[in-house]
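The residues of the chain are indexed from 1 along the displayed sequence. Quantities reported herein were computed from a predicted structural model and do not represent experimental measurements.
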Amino acid sequence: QVQLVESGGGSVQAGDSLRLSCAASGRTFTTYSMSWFRRAPGKEREFVGSIAWSHGGTYYADSLKGRFAISRDSARNTVYLQMSSLKSEDTGVYYCKHRRTSSDLGSWGQGTQVIVSS
């Protein structure tokens with residue numbers, strides 16, 4: 001079982017930056033990838049981006065490229081989501097997901113709330 005704890009959410013103004021963290025613990029002896037998703041109020045959960053743990057390659061939703069950046073600290077089993085030029089439509093609950101292998105359905109964190117006021 002993998003436990004994920006997100007942190008760093010909060011209330012900010014449009015145009016501000018925010019960095020979210022997600023620390024994995026438990027059976028984390030292998031990590032295939034870690035990803036970020038978000039759920040805006042009244043909408044379905046959507047993919048934000050992910051990072052391949054072995055080589056650090058990152059992938060993003062097209063609409064977020066250039067504003068969001070994912071990085072990792074392998075020694076700490078932690079993934080980060082750096083968000084810049086935040087907009088009100090970035091408001092939502094942000095979740096991280098850990099996958100141990102390519103076929104693993106993954107484990108989810110509890111989420112951290114981000115509120116962007118215009």
Side-chain angles (χ1 to χ4, degrees):
Q1 191 76 9
V2 176
Q3 291 79 45
L4 301 170
V5 178
E6 298 104 332
S7 60
S11 295
V12 297
Q13 296 292 315
D16 285 351
S17 297
L18 201 61
R19 189 177 82 155
L20 307 183
S21 301
C22 174
S25 62
R27 294 185 62 187
T28 58
F29 46 88
T30 59
T31 297
Y32 174 74
S33 68
M34 291 186 75
S35 305
W36 287 97
F37 289 74
R38 69 182 184 184
R39 187 194 301 273
K43 295 187 177 181
E44 298 290 318
R45 185 159 54 187
E46 66 173 349
F47 173 75
V48 172
S50 65
I51 186 165
W53 214 248
S54 61
H55 56 77
T58 53
Y59 313 88
Y60 301 96
D62 288 342
S63 61
L64 300 176
K65 289 179 181 177
R67 292 197 301 121
F68 287 19
I70 295 175
S71 60
R72 75 188 190 305
D73 183 337
S74 299
R76 297 175 185 269
N77 285 321
T78 299
V79 64
Y80 303 97
L81 177 64
Q82 179 68 47
M83 305 183 291
S84 59
S85 301
L86 283 164
K87 306 174 181 179
S88 57
E89 51 262 44
D90 295 318
T91 292
V93 179
Y94 284 70
Y95 302 88
C96 72
K97 179 180 179 180
H98 174 279
R99 294 170 67 194
R100 286 181 288 175
T101 66
S102 60
S103 59
D104 181 23
L105 293 179
S107 301
W108 293 89
Q110 295 291 328
T112 185
Q113 177 79 54
V114 173
I115 299 172
V116 184
S117 302
S118 57

For M34 and C22 the tightest heavy-atom approach is CE-SG, 3.8 Å
How far apart are the closest heavy atoms of W36 and E6, and which atoms are they? CZ3-CG, 4.0 Å
For the pair V114 and L20, evaluate side-chain contact (heavy atoms from CB on, under 4.5 Å) and give the outcome as yes or no after the intermediate values. CA-CA 9 Å; V114 173; L20 307 183; 4.1 Å; yes
Between R39 and E46, does at least one N-O distance fall below 4.0 Å, as a salt bridge requires? no
Does CD in Q110 sit with more than 12 non-hydrogen atoms of other residues, nucleotides or ligands closer than 6.0 Å? no
Would you say the side-chain atoms of S35 pair up with the backbone N or O of S50, donor to acceptor, closer than 3.5 Å? no
Quick one: do V48 and Y60 satisfy side-chain contact (heavy atoms from CB on, under 4.5 Å)? Show the steps, please. CA-CA 6 Å; V48 172; Y60 301 96; 5.6 Å; no
Cation-pi geometry met for R72 and Y80 (6.0 Å, 45°): no
Within 45° cone of W108 ring axis and under 6.0 Å: R45 NZ or CZ: yes
Near-ring test F47/F37, centroid separation under 6.0 angstrom: yes
Going hydrophobic residue to hydrophobic residue with side-chain gaps under 4.5 angstrom, can you get from W53 over to I70? yes
Classify the side-chain pair R100/Y32 by whether it contains a donor and acceptor separated by less than 3.5 Å. no
Without swapping roles, check the side chain of S84 against the backbone of R67 for a donor-acceptor pair under 3.5 Å. yes
Verify side-chain contact (heavy atoms from CB on, under 4.5 Å) between L64 and R38, making sure each step is shown before the conclusion. CA-CA 12 Å; L64 300 176; R38 69 182 184 184; 3.7 Å; yes
R99 side chain to G106 main-chain N or O, any donor-acceptor pair under 3.5 Å? no
